[in-house]
Novice: 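Take a look at the following structure, please.
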Amino acid sequence: MKKSNPNPVVQTAKTGIEISIIKEFCKGCGICVEFCPKDVLALGSDLKTNCINIEACNGDALCELRCPDFAIFVKNPKKKAIKK
Amino acid sequence: MNIEIAEYLRLDDRFPHILCPGCGIGSAMNAMVRAISESSMNKNEICVVSGIGCSSRVPGYIDCDTFHTLHGRAIPSATGIKLARPEMEVIVIAGDGDLLAIGGNHFIHAARRNLDLTVILINNFNYGMTGGQFSPTTPQGKRGTTAPYGSVERDFNVCEMAKVAGAVFVARSTTYHTPHLKGLIKQAMKKKGFAVIEVVSQCPTLYGRLNRMGDAIKMLEYYRDNSITVTQVKEPKDAEGKIVIGVLWETEAPEYSEVYKKVIDIAQKK
Ligand SMILES: Cc1ncc(C[n+]2csc(CCOP(=O)(O)OP(=O)(O)O)c2C)c(N)n1
Ligand code: SF4
């Protein structure tokens, strides 16, 4: 079986919010770009999602929840991890 | 990789997955994985079962017990698993073709028996995997590759059917409303008995293209603008032409594997 090695591109905002994008998984459907309420993301010339304005991110992680490809993850230090 | 849900995904050898760009099945899988991760269950207590189809590819990407079975036979296989290991949480995830066409009888009889399964029915209104043929949920007049002038058949109302067949939990959401969908899956997993969630999804490659609905984004915008929550429906006309989302039906009834266990106990005492 082919082993993939997910290697995310990580950006961190002053607020501590961190966005990781796994380019290898992204298929460029643009769902995260279109439905981001703060216009943080854009499709780049590589036809994959790119974080263009990390400081505007409010950390609601809608992109992470809608992404059909598990290609984008948002870490928000203000949101407590859900207890198991 | 440092991702919360990574332990539930076969990230290192199965991704990127085979689904088309913008396919709603990925978003439904995303919601399901998060629901599993947020439930307090050990992943060895969960079994995800599917049939055949694009939707049925999901278990191949999930890292817990999984079973990819035959076309239409997800529910019979899940029935065997649940009866052999009643302590397990058994989740069925498959398409409208799988669960309602070839597997239609299994669906209604599992509902009638009230077996404790969580059924996630991904409704993309066509047979995606085999090339966009119309399915039992294709609305009348909508095109499929086997209905180039529009389907002449009437479609199933999945949720009504599940309810009258005996399901104890029936809900609907869309791939636009993923946080809502995740919550419904969590509720369905907790529910003892046959729980059905219809996920209104998009197949931009076939159904969307054949019906000139635009790309995945346009289809999601349509779901956003044409959905109404069940609590907003005050009179029947509010729901006309809308996708009603939320918990549509909930009741209590004796669960099949528990009733069956009593029979086993009686038989073994003799
Ligand atoms: C017994 C049998 N009959 C027919 C098929 C061909 N077949 C494969 S997938 C499929 C339909 C899938 O549609 P659906 O369940 O709606 O899933 P989707 O691909 O739309 O997600 C069919 C008819 C098969 N694999 N086995
Ligand atoms: S054919 Fe349709 S259902 Fe299948 S992966 Fe592509 S978009 Fe999804």
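Below, all heavy atoms of this structure are taken into account, side chains as well, without hydrogens, waters or symmetry copies. Order of the sequence lines sets the chain letters (A, B, ...), proteins ahead of strands, with each chain counted from 1.
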Novice: Could you list the donor-acceptor pairs under 3.5 angstrom formed by side chains in residues 28-46 of chain A, with sequence neighbours left out?
Specialist:
from: A:D46; atom 1: OD1; to: A:K48; atom 2: N; distance (Å): 3.2
from: A:D46; atom 1: OD1; to: A:N50; atom 2: ND2; distance (Å): 3.3
from: A:D46; atom 1: OD2; to: A:K23; atom 2: NZ; distance (Å): 3.0

Novice: Could you go through A:F25 and B:L11, starting from their C-alpha distance and side-chain angles, then the distance that decides it, and tell me whether this counts as side-chain contact (heavy atoms from CB on, under 4.5 Å)?
Specialist: CA-CA 10 Å; A:F25 294 176; B:L11 275 179; 3.5 Å; yes
Novice: Output the option from B:C20, B:A31, B:G22, B:P204 having the highest count of non-hydrogen pairs under 4.5 Å with chain A.
Specialist: B:G22
Novice: Among A:A71, A:A61, A:P68, who wins on heavy-atom pairs under 4.5 Å with chain B?
Specialist: A:P68
Novice: Does any backbone or side-chain atom of B:L181 lie under 4.5 Å from a heavy atom of chain A? Answer side chain, backbone, both or neither.
Specialist: neither
Novice: Assess whether side-chain contact (heavy atoms from CB on, under 4.5 Å) is satisfied between A:E64 and B:R34, documenting all intermediate values.
Specialist: CA-CA 11 Å; A:E64 171 176 334; B:R34 283 165 210 280; 2.7 Å; yes
Novice: Could you tell me whether a side-chain N or O of A:R66 sits under 3.5 Å from a main-chain N or O of B:Y176, the two making a donor and an acceptor?
Specialist: yes
Novice: Side chains of A:F70 and B:M29: does their closest heavy-atom pair fall under 4.5 Å?
Specialist: yes
Novice: How would you list, in number order, the residues of residues 206-218 of chain B that have a heavy atom less than 4.5 Å from chain A?
Specialist: B:A216, B:I217
Novice: Answer yes or no: does atom CZ of B:R85 have more than 12 heavy-atom neighbours from other residues, nucleotides or ligands under 6.0 Å?
Specialist: no
Novice: Please identify, among B:I25, B:N30, B:I5, the residue contributing the most non-hydrogen atom pairs under 4.5 Å to chain A.
Specialist: B:N30
Novice: With a 3.5 Å distance limit and no angle check, can you tell me whether A:K27 reaches the backbone of B:L19 through a side-chain donor-acceptor pair?
Specialist: yes
